[in-house]
There are 2 protein chains.
Amino acid sequence: MSDPGKPTMSDVARMAGVSKMTVSNVVNNRVPVSDAVRQRVLEAIRETGYRLNVTARVLKSGRTGVIGLAVPDIGHAYFGHLATLVIAEARRYGLHVALEQTGAAEAGELDAIAQSHRLQFDGLILSAVGADPGTLRLPAGNFPVVLLGEQGFSGRFDHVLMPNEDGAKAATLHLIDQGCERVAFLGAGELDRLSVASRRQRGYLAAFAERGIEPDPDLMVPLSGFDLTSGREAGRWIADSGLGIDGALTVTDSVAQGVLRGLADRGVSVPGQVRLLGFDDIPEAACMVPSLSTVAPDHRWMAAKAVDLVAARIGGAEHTPAEHMAPFELKIRESTA
Amino acid sequence: MSDPGKPTMSDVARMAGVSKMTVSNVVNNRVPVSDAVRQRVLEAIRETGYRLNVTARVLKSGRTGVIGLAVPDIGHAYFGHLATLVIAEARRYGLHVALEQTGAAEAGELDAIAQSHRLQFDGLILSAVGADPGTLRLPAGNFPVVLLGEQGFSGRFDHVLMPNEDGAKAATLHLIDQGCERVAFLGAGELDRLSVASRRQRGYLAAFAERGIEPDPDLMVPLSGFDLTSGREAGRWIADSGLGIDGALTVTDSVAQGVLRGLADRGVSVPGQVRLLGFDDIPEAACMVPSLSTVAPDHRWMAAKAVDLVAARIGGAEHTPAEHMAPFELKIRESTA
DNA sequence: TTGTAGGCGTTATCAT
DNA sequence: ATGATAACGCCTACAA
């Protein structure tokens with residue numbers, strides 16, 4: 001007795017007394033097959049427990065029907081939400097989405113690209129925050145890549161952009177107009193790097209410029225990360241700093257959520273003593289206490305656009321790379337009332 | 001000129017003036033290759049932009065090094081968090097994780113299994129909430145599947161279980177011991193189905209039994225979903241119901257987050273007028289205002305165990321399926337003070 | 001150290 | 001309507 005191994009089309013064909021090709025045709029409902037033969041084949045499939053070997057099919061077609069979505073951290077509410085939307089949009093094209101986690105580091109992003117080749121994705125949507133799009137190395141040929149959320153346009157890929165500057169500017173103006181005189185920006189970084197954070201910080205600065213106010217460098221505070229914990233530390237810091245901060249724009253909603261908590265730790269009321277404004281409009285924002293005012297980019301629009309672009313390239317389109325800026329809305333809620 | 005197509009080993013071999021096999025050996029660092037030849041091959045690889053076609057290799061080896069992780073909805077904080085942990089654990093085995101979304105429906109879960117075959121995963125970790133483990137159909141052969149978080153043990157798969165009953169019981173006892181006389185359970189379902197919700201509800205009932213208190217059916221309220229929005233509605237309902245509810249255990253932390261907001265909408269204070277307790281200990285729980293008391297299963301333990309089990313089966317282990325119950329801790333925070 | 005032959009499981013093409 | 005043959009790109013086994 002030899003090891004039976006997984007049954008193949010040949011096994012089915014032999015059992016049904018037909019050729020491999022006929023089995024293939026039955027499995028794929030392709031050319032007409034006589035009812036008698038079809039039944040015999042289906043019967044043989046059942047008996048052998050045969051399952052199509054997709055790898056072999058992929059080897060021939062060169063297509064997997066899978067696109068990668070690489071994000072810094074799926075644990076972050078924003079990316080979880082985004083992923084859900086991308087998956088929904090991809091379904092419209094019959095595309096499957098596999099998620100990669102880059103860890104918000106350049107190495108991870110480069111690896112995601114390498115992996116997307118390894119895993120034979122047909123394309124990749126990359127939410128890059130660490131790597132410079134100008135220097136990203138790609139798999140051979142013109143592999144469909146769409147960059148998401150980052151604003152450093154390289155001219156090499158399609159970019160779906162968030163309205164980082166305009167959104168942050170509108171948000172800051174709102175805080176100023178609400179009467180805040182000491183508005184902080186939480187999540188500051190090096191302005192020369194084209195990170196999400198620096199883009200938003202530029203918007204913050206643009207608002208001050210428009211109002212003819214001199215920004216105070218002490219109010220642009222860097223964070224150890226863009227998560228709840230860093231936010232909480234920042235919230236406590238605001239209370240302890242003695243800088244008289246009465247308004248704050250955070251680099252993300254998750255940070256704002258932490259800040260809210262950090263302020264509560266110190267008994268500081270929002271919006272009473274400090275008005276708080278976030279960025280992203282994650283689903284949790286409306287359910288915080290107080291509910292969080294925030295810059296709300298149209299996430300569905302972004303997901304749809306990104307998928308449309310990869311799908312088009314996968315379909316063979318050869319348009320020159322372009323930027324696509326998502327619309328946004330400033331959502332005013334309790335935290336800046 | 002003909003379409004060059006993607007370069008293959010043959011292309012590289014031709015350019016380097018060697019055989020395909022030599023190229024293969026260089027690429028895989030296998031048998032010794034003379035330095036001269038190696039250089040020529042590497043040079044040719046660079047020039048052609050050749051990249052290994054993994055599909056072809058998989059067709060021979062039958063292994064992809066990828067496991068699937070199928071969860072109801074990655075947009076939910078809990079699953080996002082879980083995914084992060086599983087990805088980290090899988091890395092220890094050199095395994096890659098691809099995420100699937102099942103939509104919390106049986107159809108989605110069955111599809112996830114079908115897909116994991118389609119995508120040639122080596123194994124699957126399935127967080128099943130809809131399908132009955134007893135009736136799940138598997139890909140051919142003994143495909144490594146580990147069920148996560150569900151408590152209906154089938155005897156057919158390894159299960160990594162959450163302490164649903166014990167956790168909910170401990171939580172409910174805590175509420176009772178804090179002096180709550182009207183403790184509600186938010187997220188009730190049909191007790192006969194072995195869902196996560198019904199398991200937790202059993203724990204809730206067990207606590208009442210232990211204290212010799214008759215539970216009030218009006219206090220076991222079903223929800224339209226296990227998300228923020230349903231929670232918010234439930235919170236308002238608590239305030240409007242006139243049932244005198246002064247304590248509540250929710251089926252998940254996300255629901256509790258919504259409830260917190262719904263109560264705030266009605267000006268009900270937590271824990272002053274209503275004490276609130278969640279389940280899961282998502283990262284957000286500690287940062288809510290007030291911070292959320294919750295049942296905290298050891299997520300890292302669960303992720304590690306699940307990965308260990310699939311990895312073992314992928315490695316050929318043939319142990320009989322078993323249950324593995326995660327340890328938990330009751331985290332007391334402000335919401336039940 | 002390098003090359004040749006054959007096959008992994010499927011499908012396109014052309015023939016019957 | 002069905003079958004034979006030849007790829008798809010790589011790797012194992014063996015030969016030189």
Visitor: For A:K20 and D:dA6, what is the distance between atoms NZ and P respectively, to the nearest whole Å?
Guide: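 These atoms are roughly 12 Å apart.
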Visitor: Evaluate the side-chain contact (heavy atoms from CB on, under 4.5 Å) criterion for residues A:Y50 and A:K6: first the C-alpha distance (whole Å), next the side-chain angles of each, then the deciding distance (0.1 Å), finally the verdict.
Guide: CA-CA 7 Å; A:Y50 166 77; A:K6 305 229 181 288; over 6 Å; no
Visitor: When you check the phosphate oxygens OP1 and OP2 of D:dG9, does a side-chain N or O of B:T55 lie under 4.0 Å from one of them?
Guide: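 False: B:T55 side-chain N/O out of range (4.0 Å or more) of D:dG9 OP1/OP2.
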Visitor: Under 4.0 Å between a side-chain N or O of A:T22 and OP1 or OP2 of D:dA1?
Guide: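 The answer is no; no side-chain N or O of A:T22 sits under 4.0 Å from OP1 or OP2.
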Visitor: Does C:dT11 have its OP1 or OP2 closer than 4.0 Å to a side-chain nitrogen or oxygen of A:S24?
Guide: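 So the side chain of A:S24 is within the cut-off, an N or O lying under 4.0 Å from OP1 or OP2 of C:dT11.
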Visitor: Within the 4.0 Å heavy-atom criterion, would you say A:V37 contacts the bases, only the backbone, or no part of the nucleic acid?
Guide: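 Sugar-phosphate only.
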Visitor: Mind calculating the distance between CE (A:M21) and P (C:dT13) to the nearest angstrom?
Guide: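 The answer, rounded to whole Å, is 11 Å.
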Visitor: Atom CD of A:Q39 to atom P of D:dT2: distance rounded to whole Å?
Guide: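 Going from CD in A:Q39 over to P in D:dT2 covers 12 Å.
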Visitor: Does A:K60 make a side-chain donor-acceptor contact with the base of D:dA7, cut-off 3.5 Å?
Guide: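 Checked by distance alone, the answer is yes.
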Visitor: Which atom pairs, one a donor and one an acceptor, fall under 3.5 Å between side chains of residues 307-321 of chain B and the rest of the protein, sequence neighbours left out?
Guide:
| residue | atom | partner | partner atom | Å |
| --- | --- | --- | --- | --- |
| B:D308 | OD1 | B:R92 | NH2 | 3.2 |
| B:D308 | OD1 | B:Y93 | OH | 2.6 |
| B:R313 | NE | B:D158 | OD2 | 3.0 |
| B:R313 | NH1 | B:H319 | O | 3.3 |
| B:R313 | NH2 | B:D158 | OD2 | 3.2 |
| B:R313 | NH2 | B:H319 | O | 3.0 |
| B:R313 | NH2 | B:H319 | NE2 | 3.3 |
| B:H319 | NE2 | B:D158 | OD2 | 3.0 |

Visitor: How do B:L59 and B:R40 order along DNA chain C: which one's closest nucleotide is nearer the 5' end?
Guide: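 By nearest-heavy-atom nucleotide position, the 5'-most residue is B:R40.
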Visitor: Compare all side-chain heavy atoms of B:L124 with those of B:V146 and state whether any distance is below 4.5 angstrom.
Guide: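 No, side chains not in contact.
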Visitor: Just how far, in rounded Å, is P of D:dC11 from CG of B:N53?
Guide: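 Result: 9 Å.
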Visitor: Taking only the side-chain heavy atoms of A:L52 (C-beta and beyond), determine which of C:dT11, D:dA1, D:dC10 contains the nearest atom.
Guide: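 Side chain of A:L52 sits closest to C:dT11.
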Visitor: Of the candidate nucleotides D:dC11, C:dG9, D:dG3, which contains the atom at the shortest distance from the side chain of A:V18?
Guide: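 The listed nucleotide nearest to A:V18's side chain is D:dG3.
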Visitor: To the nearest Å, how far apart are B:N25 CG and D:dA13 P?
Guide: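 So the two atoms are 13 Å apart, to the nearest Å.
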Visitor: Is any side-chain nitrogen or oxygen of A:S19 closer than 4.0 Å to OP1 or OP2 of D:dA4?
Guide: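 No, outside the criterion.
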Visitor: Measure the distance from CZ on A:R30 to C1' on C:dT10 and round it to the nearest whole Å.
Guide: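 The distance from CZ of A:R30 to C1' of C:dT10 comes to 10 Å, rounded to the nearest Å.
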Visitor: If I take atom OH in residue B:Y50 and atom P in nucleotide D:dC8, what distance separates them, rounded to the nearest angstrom?
Guide: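 Roughly 14 Å, once rounded to whole Å.
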Visitor: Output the rounded distance in Å from CG (A:N28) to P (C:dT10).
Guide: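 Roughly 10 Å, once rounded to whole Å.
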Visitor: For the helix from C:dT1-D:dA16 to C:dT16-D:dA1, what angle separates the axis at the start from the axis at the finish, each from five pairs, in steps of 10°?
Guide: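 What I find for the helix from C:dT1-D:dA16 to C:dT16-D:dA1 is an axis angle of 40°.
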